[in-house]
Amino acid sequence: MCGIIGIVAKSPVAQALYDGLTVLQHRGQDAAGIMTCDSGRLLLRKDNGLVRDVFQPEHMVRLTGNTGIGHVRYPTAGCSSSAEAQPFYVNSPYGIALAHNGNLTNTTQLQEDVFREDLRHINTNSDSEILLNVFAHELQRCGKLKIDHDDIFDAVAGVHRRVRGAYAVVAMIPGNGLIAFRDPHGIRPLVVGKRATAEGDEYMVASESVAIDALGFQLLRDVEPGEAVFIDQHGGFHARQCANQPEYAPCIFEYVYFARPDSIIDGISVYKARMRMGEKLALKILKVFPNHDIDVVIPIPDTSRTAALQLSYKLGVPYREGFVKNRYIARTFIMPGQKQRKKSVRQKLNAIDLEFKGKNVLLVDDSIVRGTTSQQIIQMARESGARKVYFASAAPPVRFPNVYGIDMPTASELIGHNRDEAAIATEIGADWLVYQDLDDLIEAVAAKGSRRIERFDCSVFDGQYVTGDINADYLTKLEASRNDTSKDKREKSENFSIEMHNNR
């Protein structure tokens, strides 16, 4: 899970890139980076941390130039080392800087091919560096000193032929311009915006439309699956479909959890989709528990608020804010280590006792992943005096790992894996539990504006991976690399390396 941004303007872009990354901060809190281009020279600042911490005034004044790209990162392939913060850069051919949101599924084969056939060295464990080198090699094939948009589009077509998985990409070539492209399934989001100025048109690409809006650009459209767009250094806009058989299959979990509610992704309002999730979940509650005794509906902030409010209207039950959130605690299901996750839940939320005391409460969350957060929140509700605690999830049970850019737990660490709803309710301590049905979720998201979408990637719910290249062997290897034990070992190794470096 990452956020990317790119701007071609008529004036310096560093501040706009910074502002855009702060709007996309929810997509990654591990590291941030900005690279700009000024008179053919690339200037870079990147490091671990939040946007506001990585970029200080002394860094910003050095990021000159009217073209630039930026990235906020949460690690999905590789580790959390600052060496893997993006954008990445290669000097041949032409000099290319690249930032990537997603996850490649044929990384092992690609890394071998890049070394043995492309004669390129990979210096990190990041699949983004591999993707950059594949793109660089495909661009080098043209064998020209001066390239144009057709050469760039041919290189993107070469990337699509070789690379599997999810990738939304923004890249920059000095003296040429900015490139953005999306994998042939459109799994991760990417949008284009435009702004007219007295000096001419300016263009912007970003992971979500909210960044386009915040910077005063007008949303043009989504980048299509398999498509590439190129904005030259003079502001000329070019686009071409570069995949042979694109299929519109975006990740449905973007609408459930990751995207901001004020974003529009693939023509679908995230806010409206979450409202419909709440309506459908209410209808299921009325069907399964027609004689329910719910006194109050309470959302688990923040992403469940929209669904919970609509659910309460449909049930005719009062909606109340029962938890206050500390906004400076990161998302818990992607935190390394169960001990840290348990500690963070209590730090993240504080209950308002008067909303719970003596009541039968329905807690609403967007989803249940490990169950760590749900279990502790239910316990907090009981400690605050709730008579009964019911739980509703706006998404179906998460039963399978994500392989397309979300560092979700392995199957064995998912509370929904090999458990039915009754067993999950017992595990998290709820008096009863209701999940959204998958068909209802799809209908809630697809109800408006998505006639182009052929299907959604619902793999975390149904185990059907849209790229068609995920098998049991792949998932077994993924389990070994992603489980908490492996993460702890990597963290200790990383901390040891940092300590050794500091003691030199």
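- Residue Tyr74 holds its OH atom at 10.0 Å from CZ of Phe258, rounded to the nearest 0.5 Å.
- Counting only residues at least two apart or in different chains, salt bridge (charged side-chain N to carboxylate O under 4.0 Å, His left out) contacts with residues 97-111 are absent.
- Here Glu279 does not pair with Lys314 in a salt bridge; the nearest charged N to carboxylate O distance is not below 4.0 Å.
- With sequence neighbours left out, Arg419 forms a salt bridge (charged side-chain N to carboxylate O under 4.0 Å, His left out) with no residue at all.
- Between Glu138 and Arg141 there is a salt bridge, since at least one side-chain N of the basic residue sits less than 4.0 Å from a carboxylate O of the acidic one.
- The salt bridge (charged side-chain N to carboxylate O under 4.0 Å, His left out) test applied to Asp440 returns no partner, not counting sequence neighbours.
- Listed by chain and number, the residues in a salt bridge (charged side-chain N to carboxylate O under 4.0 Å, His left out) with Lys272 amount to none (sequence neighbours excluded).
- Applying the 6.0 Å contact sphere to CD of Glu321 captures more than 12 heavy atoms from other residues, nucleotides or ligands.
- Checked by atom type and distance alone, the side chain of Lys46 never pairs as donor or acceptor with a backbone atom of Ala31 at under 3.5 Å.
- Atom CD1 of Ile264 is separated from atom OH of Tyr271 by 13.0 Å, given to the nearest 0.5 angstrom.
- Here the CD1-CD1 distance, from Ile96 to Ile179, works out to 7.0 Å after rounding to the nearest 0.5 Å.
- Of the candidates Glu84, Gln86, His100, Arg73 forms a side chain to side chain donor-acceptor pair (under 3.5 Å) with just one, namely Glu84.
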- List the steps, then state whether side chain to side chain contact (heavy atoms under 4.5 Å, CB included) holds for Asn133 with His137. CA-CA 6 Å; Asn133 277 274; His137 181 76; over 6 Å; no
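- Taking CG from Asn176 and SG from Cys37, the interatomic distance works out to 9.5 Å, rounded to the nearest 0.5 Å.
- A salt bridge does not link Lys287 to Asp437: none of the charged side-chain nitrogens sits closer than 4.0 Å to a carboxylate oxygen.
- Heavy-atom neighbours of Asn244 CG from other residues, nucleotides or ligands within 6.0 Å: at or below the threshold of 12.
- When atom types are taken as modelled, the side chain of Thr306 and the backbone of Met275 share no donor-acceptor pair closer than 3.5 angstrom.
- To the nearest 0.5 angstrom, Ile470 atom CD1 is 5.0 Å from Tyr404 atom OH.
- Electrostatic pairing of Glu443 and Arg276 does not count as a salt bridge here, judged by no charged N lying under 4.0 Å from a carboxylate O.
- Among the candidates Ile152, Asp154, Val156, the single residue satisfying the side chain to side chain contact (heavy atoms under 4.5 Å, CB included) test with Cys242 is Val156.
- Listed by first and then second residue, the salt bridge (charged side-chain N to carboxylate O under 4.0 Å, His left out) pairs involving residues 206-220 are Arg27-Glu208 (not counting sequence neighbours).
- In summary, Asp302 and Lys325 engage in a salt bridge, as defined by a charged side-chain N under 4.0 Å from a carboxylate O.
- In this structure, Phe237 has its ring center no closer than 6.0 Å to that of His149.
- Between the Arg182 side chain and the Arg188 main chain, a donor and an acceptor come within less than 3.5 Å of each other.
- Between Tyr435 atom OH and Leu441 atom CG the span is 13.5 Å, to the nearest 0.5 Å.
- Considering only residues two or more places apart in sequence or on other chains, Tyr89 meets the ring-ring contact (aromatic ring centres under 6.0 Å, His included) condition with none of them.
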- Go through the steps for Val23 and Ile5 under the test side chain to side chain contact (heavy atoms under 4.5 Å, CB included), then give the verdict. CA-CA 11 Å; Val23 176; Ile5 188 173; over 6 Å; no
